[in-house]
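Below: the structure, in structure tokens.
All values reported here derive from a predicted model rather than from experimental measurement. Labels below follow one simple rule: chain letters A, B, ... track the order of the sequence lines, proteins then strands, and each chain is numbered from 1.
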Protein chains: 2
Amino acid sequence: MITMEHPRIRDYFNQNLEAAQDVTPKQRAILQASLDLFAEKGFQQTSTSDIARRAGVAEGTVYRRYRTKEALRVAVLAPILTHVAPSLASDFSNDELRQRYSSLRAFLTAIYDDRVAFVLANQREIKVILEMVAFDQDRRDTVIRRVAPVVVQQMAGVLKQLRQDGLLVAWPDDLVIQTILSMIGGELVRTALNLAGANRQRERAQILEVLVKTLTP
Amino acid sequence: MITMEHPRIRDYFNQNLEAAQDVTPKQRAILQASLDLFAEKGFQQTSTSDIARRAGVAEGTVYRRYRTKEALRVAVLAPILTHVAPSLASDFSNDELRQRYSSLRAFLTAIYDDRVAFVLANQREIKVILEMVAFDQDRRDTVIRRVAPVVVQQMAGVLKQLRQDGLLVAWPDDLVIQTILSMIGGELVRTALNLAGANRQRERAQILEVLVKTLTP
DNA sequence: TTAATGAGTGAGTGGTCACTCATTTTAAAA
DNA sequence: TTTTAAAATGAGTGACCACTCACTCATTAA
């Protein structure tokens, strides 16, 4: 289901913060306010006094822990990129799950719903990451080198099995993954641009139809 | 060919400026310098004194025609969005061109090469537009409502003919276009992320193979 | 009870920036 | 040549912003 509940980065982020006992309540408020404001207005458009006001804190308090505004951004995004995001990546190599993907359609449906729900549930956080990464090739490389292998590895197992069962074309894994993610990404962009029609279910069925046709041997 | 020459937005932009006789040379220099600097450093990071210096003009001159920096940004991007970009959209409804797309593969190859070349040749200008649109839903809607119909209309003619000739699946135009653009977009993202392998030609062939398989009846 | 610690404070600082305006330059009209 | 209107100038201005620092105060150790 597209509308199913999905783990929100924000929740993991907060749990992560509460688990860290060296972070005071005010510092936690600062990190949460930063994440919110960066997502709402963008990093540049957010002033440190904005953050202090939203966190209910003096501006100096912001600078007690974080030497610069940029360091604050890193402090907000680093845990998301290192702990939170990977732990949210669906574990397709999980044996139990692998059983369920007895057909190509079932597998594609699962991935589609999972990824769409994940992105929709975490739009704001993803936006902040994209903003940081957009004009910085080095950071782009860092992020992608952390995420890409996980994605490929997660999917490799299922793809192999589907191929053995004669349910999947004999294309290289890279190409299959790129095809799936391109179609899902295209749909998400369409949604972000408000081009999606009223009937989400119908569009979902169409996209899945395209993918099934494309990836059937 | 991916490496073929492609019209650059910048060139059309300059031609557009020279055609407008009510724009003084200094005002033209200001618009050109703005586009360059916005693309190089981003809008926020570009100061009006930067623009004046680059244009070889006093800062007051910048404000003679444009009352705010934001108005200057609009003045730079408006012609690109209204005149330049549409005139650069490949005219697939052109009769001569339609003759050439006698096969689905020929059509897809043409679109792929055209769009990839266009984006690569105009990365900087596209970046400026994306930057403006990223945190502003209204502007996003404005831009998309100007661009989307053109794209759909341009392609509708060829798609109809291909379908009549039995060369294209009987899916709705929207879905076909979304599929094509998703795969091309995916490849561009892959390139932007430095994930593309050394062999561009091979990847191009693979993507086209996927699209041909997907869109053949 | 006193001393030490460190999180928190907020007025302050230097610097930058978007924007203004009194003045000068330019060039076309008279 | 003189007049005139528009274009251009650039020093100036107030607002804002990232960041600092001298100080407060609650908590904990001695």
Open item on the list: Return a single string for nucleotides 6-13 of chain C, one symbol per nucleotide in 5' to 3' order, where B is base contact, S is sugar-phosphate-only contact and - is none, cutoff 4.0 angstrom on heavy atoms.
Closed with: -BBBB---
Open item on the list: Contact list please: residues 36-51 of chain B against DNA chain D, heavy atoms, distance less than 4.0 Å, in numerical order.
Closed with: none
Less than 4.0 Å between a side-chain N and a carboxylate O, is that true for [Y] and [X]?
X	Y	value
B/Arg73	B/Glu70	yes
A/Arg204	A/Asp113	yes
A/Asp50	A/Lys41	yes

TODO: Would you write the dot-bracket representation of DNA chain C, where each base gets (, ), [, ], | or . depending on whether it forms a Watson-Crick or G-U pair under 3.5 Å and with which partner?
DONE: ||||||||||||||||||||||||||||||
TODO: Please determine, by modelled atom types, if A/Ser49 and A/Glu59 share a side-chain donor-acceptor pair under 3.5 angstrom.
DONE: no
Task: Side-chain donor-acceptor pair present, B/Gln178, A/Glu187, cut-off under 3.5 Å - done: yes
[X] NZ/CZ over [Y] ring centroid, <6.0 Å and within 45° of normal:
X	Y	value
B/Lys69	B/Phe43	yes
B/Arg10	B/Phe13	no
A/Lys127	A/Phe38	no

Open item on the list: Between B/Tyr63 and C/dC19, is there a contact of a side-chain N or O with OP1 or OP2 at under 4.0 Å?
Closed with: yes
Open item on the list: So if I apply the side chain to side chain contact (heavy atoms under 4.5 Å, CB included) rule between B/Leu193 and each of A/Val133, A/Ile144, A/Val147, which one comes out positive?
Closed with: A/Ile144
TODO: Give the minimum heavy-atom separation between A/Ala75 and A/Tyr66, together with the two atoms involved.
DONE: CB-CE2, 3.4 Å
Open item on the list: Rounded to whole Å, please give me the gap between OH in B/Tyr66 and C1' in C/dT20.
Closed with: 19 Å
